[in-house]
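Order of the sequence lines sets the chain letters (A, B, ...), proteins ahead of strands, with each chain counted from 1. Reckoned from all heavy atoms, side chains included, excluding hydrogens, waters and symmetry mates. Quick caveat, the model's predicted, so the values are computed rather than measured.
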Protein chains: 2
Amino acid sequence: MPTSKDVAQAAGVAQSTVSYVLSGKRPISEKTRKKVEDAIQQLTYQPNAGARALASRKTRVIGLVIPFIPELHMASIMEFVSVIANTARIYDHDILLVTEDEGAPGLKRVVGQQICDGLILMQVEGDDERLPVVRSLNVPVVLIGIPHDPSGLVCIDADFEMAGEQCVQDLAAAGHSVISVIGWQPEVVERHVNYVERFMSGTDKAAQDSGVRVLHLPGGTDRDVIAASVDKALAETTGVPAFIAPDGTVQDVLRRVLNSRGLTPGVDVSVIGSASPTLAELQPIPLSTIDLRPAEVSRRAVKIICDLLEAENQGPRESLELVPTVITHRSSTLRPPHGS
Amino acid sequence: MPTSKDVAQAAGVAQSTVSYVLSGKRPISEKTRKKVEDAIQQLTYQPNAGARALASRKTRVIGLVIPFIPELHMASIMEFVSVIANTARIYDHDILLVTEDEGAPGLKRVVGQQICDGLILMQVEGDDERLPVVRSLNVPVVLIGIPHDPSGLVCIDADFEMAGEQCVQDLAAAGHSVISVIGWQPEVVERHVNYVERFMSGTDKAAQDSGVRVLHLPGGTDRDVIAASVDKALAETTGVPAFIAPDGTVQDVLRRVLNSRGLTPGVDVSVIGSASPTLAELQPIPLSTIDLRPAEVSRRAVKIICDLLEAENQGPRESLELVPTVITHRSSTLRPPHGS
DNA sequence: ACGCATCGTCGATACGCATCGATAAATCGA
DNA sequence: TCGATTTATCGATGCGTATCGACGATGCGT
């Protein structure tokens, strides 16, 4: 592997000149710049990351802490990961995977060894055990998810409260007077209390404003649980029933249960789920969805941390950013009686 | 951040001694070892990865090239990623994410900058455009997937041929005389020809041996396509129909189509799909599955590359490893008339 | 008691780059 | 035309670790 010294020799300049050509931190004459750039080309020189990190004290690597919980919707996690990796490249950074299995010590490790300059944590829980460590770390950390106490932390997430409001407002406008929320799996509810709570607070707020009733019923992937929830909802509903299934894993089961009860979404029942547009279109009856904007959340998370890395004026930051959600009508919900 | 020099000072030894305590490459007396280890503890010293990489010419990082194709089963990709990351930690390595978007230049970049010591490529296509680059790279690369020409490459994958054989043998033993394979999505077939071919070669081989007929029909997520395939299969079948859906994304659609045709898996039709055991059990009718062992493939891929990194006796390796698949009976297939 | 091998430790150096101070060359004003 | 600036480049140094050669101390056999 050629080094910057080799390049310097080939171009007939000093090694430091090569470095300045690359970084642009000092003026270089057009003539020598060209000589250097040609030499770089011919030698296919690429700077050594280790040496660069050692000298500059910057690795240009961001650690991404990923969850792997079977209860979660893995496809959506993957979308986060993918978008985060691609966005990082735009800012000329790379992504190092840190598994949740490593827990808090894992964070200390990658930061302590200076393998990366900062961290993005996915799937942050309301009372996440890693928060004390995060606060003690002297590098920028961005949390995807809002913990109960976000003080001293930099957080970003979809606006779940807005999502809840949108769903209920929408269904209320379509004429439903009782709206049932088939919630997340118990495991998720216990762990990630925060976004569940935010969603519910949104639905309840909208319910008050619109004068409709919202039922919160247990979700999950267990067909029996969903079936019980559906039956309870049907029993309590006057008029056309409406369901909100904010968890991607719940939808399939819900669809089947409704089917077995002889109910057709968009005809004699309304259903709003959460899924990507492409997935929503693939359903037998295209699903009206509440889009939680995973790609946008990912992009912003990367932007935030890269800005922090650039700024670097140390002081412990604190910020909280909520990404607006988007509701999209497809065929699984009733159309409002008149107007939008 | 404390350095090994600080540790040395605190322990009253030379920096090199600290290094030898850590690496164990020279004998150290029990006494000084303890002094050094205590100092490390008290300073919470962690070696600097950049300096280490620079001096040792090893980063202890493996690049993982991940695909992100909506047509693919993202949940299963995520399982690969997760298991690979965790296994790498066992070998004291970390995983750097490289997106498929970066293409071949991306591989050159991470290897050229010496950000990582080796690569794992997922979802390798039969005629992958990256193969020339891979061959030219002077670092170990492990491919998950078998390209058409695997010469000079290190490959590992599930044994799709075995999987095909197992499915057909199994269904033949259960008394089916015509077996329909609802294949992958056209996009996948075009791209990843190899494993599709291998699977089919397995089914055909078993068909010959067992004297049954195998139909290869188009798959995908398009309900109409699947419906057409099913109807064609039903028309061509005498006796109880049997379906094999080796692509995870096809199953849901297939299930619905069969349902709409009044067919119940395990009663008047047999279905073998590919899904994780947990997912298979969650189906309304527990799905008999062919397990393509993603976790085992991942583990072995990491082991292979770590072995190569350790060996390091340069010479271009070549190997091909196939992981045996496992077929599991659940309720979606007919039981064989007598005995297993 | 003496030389010799072994063990444990030290000091020096290299890894490849970024960066700082210094210097030579070019530019300008008067 | 000469000194004062500015511009472009060089040389030297440090980043933190791994590793090699050297060296003193210890134990051994005879």
Side-chain angles (χ1 to χ4, degrees), chain A residues 1-37 39-40 43-61 92 110-117 309-310 312, chain B residues 1-37 39-40 43-61 92 110-117 309-310 312:
Chain A
M1 295 270 178
T3 70
S4 62
K5 211 157 120 190
D6 299 329
V7 174
Q9 196 165 15
V13 299
Q15 178 268 326
S16 53
T17 302
V18 175
S19 184
Y20 285 121
V21 167
L22 252 31
S23 72
K25 293 199 177 175
R26 280 201 185 172
I28 297 287
S29 73
E30 206 48 52
K31 202 177 58 185
T32 59
R33 155 169 293 121
K34 176 135 182 35
K35 279 194 300 183
V36 171
E37 278 167 356
I40 288 178
L43 297 178
T44 64
Y45 164 74
Q46 298 192 253
N48 178 296
R52 203 186 260 258
L54 184 56
S56 70
R57 319 185 132 281
K58 296 214 161 300
T59 63
R60 303 200 76 76
V61 170
D92 195 22
V110 291
V111 171
Q113 296 185 175
Q114 298 173 63
I115 299 179
C116 54
D117 300 332
L309 288 175
E310 204 150 357
E312 160 168 38
Chain B
M1 294 271 180
T3 71
S4 62
K5 213 157 119 190
D6 298 330
V7 173
Q9 195 165 17
V13 300
Q15 179 268 328
S16 54
T17 302
V18 175
S19 184
Y20 286 122
V21 168
L22 253 28
S23 71
K25 293 200 176 176
R26 282 204 184 169
I28 297 287
S29 73
E30 205 47 53
K31 203 176 58 184
T32 59
R33 156 169 292 122
K34 177 135 182 37
K35 279 195 299 183
V36 170
E37 278 168 355
I40 289 178
L43 298 177
T44 63
Y45 164 75
Q46 295 192 255
N48 178 296
R52 205 186 257 258
L54 184 56
S56 69
R57 319 184 130 283
K58 297 216 160 299
T59 65
R60 304 199 75 78
V61 170
D92 196 21
V110 291
V111 170
Q113 297 185 174
Q114 298 173 62
I115 299 179
C116 54
D117 300 332
L309 288 175
E310 203 150 358
E312 160 169 36

Of the listed nucleotides C/dT9, D/dC15, D/dC10, the one nearest the side chain of A/A55: D/dC15
Verdict with supporting geometry, B/V13 and B/Y20, side-chain contact (heavy atoms from CB on, under 4.5 Å): CA-CA 11 Å; B/V13 300; B/Y20 286 122; over 6 Å; no
base_contact_polar (C/dC7 base, B/Y20 side chain, donor-acceptor, <3.5 Å): no
Distance below 4.0 Å between A/K25 side-chain N/O and C/dT19 OP1 or OP2: yes
Main-chain N/O of B/K58 paired to B/D117 side chain as donor or acceptor, under 3.5 Å: no
Gap between atoms NZ and P, on A/K58 and C/dT19 respectively (whole Å): 10 Å
pair B/L22-B/I40: side-chain heavy atoms closer than 4.5 Å: yes
Short side-chain N/O contact from B/S4 to OP1 or OP2 of D/dT17, under 4.0 Å: yes
Spacing of A/K5 atom NZ relative to C/dT19 atom C1', expressed in whole Å: 17 Å
Base paired to D/dT30 (Watson-Crick or G-U; both N/O distances under 3.5 angstrom): C/dA1
Any N/O donor-acceptor pair, A/R26 side-chain to D/dT7 base, under 3.5 Å: no
Salt bridge flag under 4.0 Å for residues A/E37 and A/K34: no
Least distance between heavy atoms, A/G112 atom then B/M1 atom: O-SD, 3.9 Å
Residue mapping more 5' on DNA chain D - nearest nucleotide basis, A/V13 or B/Q46: A/V13
Listed nucleotide nearest any side-chain atom of B/T17, set D/dG16, C/dC15, C/dT9: C/dT9
Touch class at under 4.0 angstrom, heavy-atom based, for B/T32 against every strand present: sugar-phosphate
Opposite nucleotide pairing with D/dA18, Watson-Crick or G-U, both atom distances under 3.5 Å: C/dT13
Rounded distance in Å - NZ (A/K31) to P (C/dA25): 12 Å
Proximity to the side chain of A/Q15 - top-ranked nucleotide from C/dC10, D/dA12, D/dT19: D/dA12
A/T32/A/K35 under side-chain contact (heavy atoms from CB on, under 4.5 Å): CA gap, chis, key distance, verdict: CA-CA 5 Å; A/T32 59; A/K35 279 194 300 183; 4.0 Å; yes
Distance-only donor-acceptor test (3.5 Å): side chain A/E30, base D/dA8: no
Nearest-angstrom distance from the residue atom CD of A/Q114 to P of C/dC17: 19 Å
Interatomic distance, B/R52 CZ vs D/dA18 P [rounded to whole Å]: 5 Å
5' priority, DNA chain C, between A/M1 and A/S23 [closest heavy atom]: A/M1
Per B/S29 side chain, nearest of listed nucleotides D/dG16, D/dT17, C/dT9: C/dT9
Any B/T3 side-chain N or O less than 4.0 Å from OP1/OP2 of D/dG16: no
Between P of D/dC15 and CG of A/D117, the distance in whole Å: 19 Å
For atom CG of B/L54 and atom P of C/dA14, their distance in whole Å: 13 Å
Interatomic distance where NZ belongs to A/K34 and C1' belongs to D/dA8 [whole Å]: 19 Å
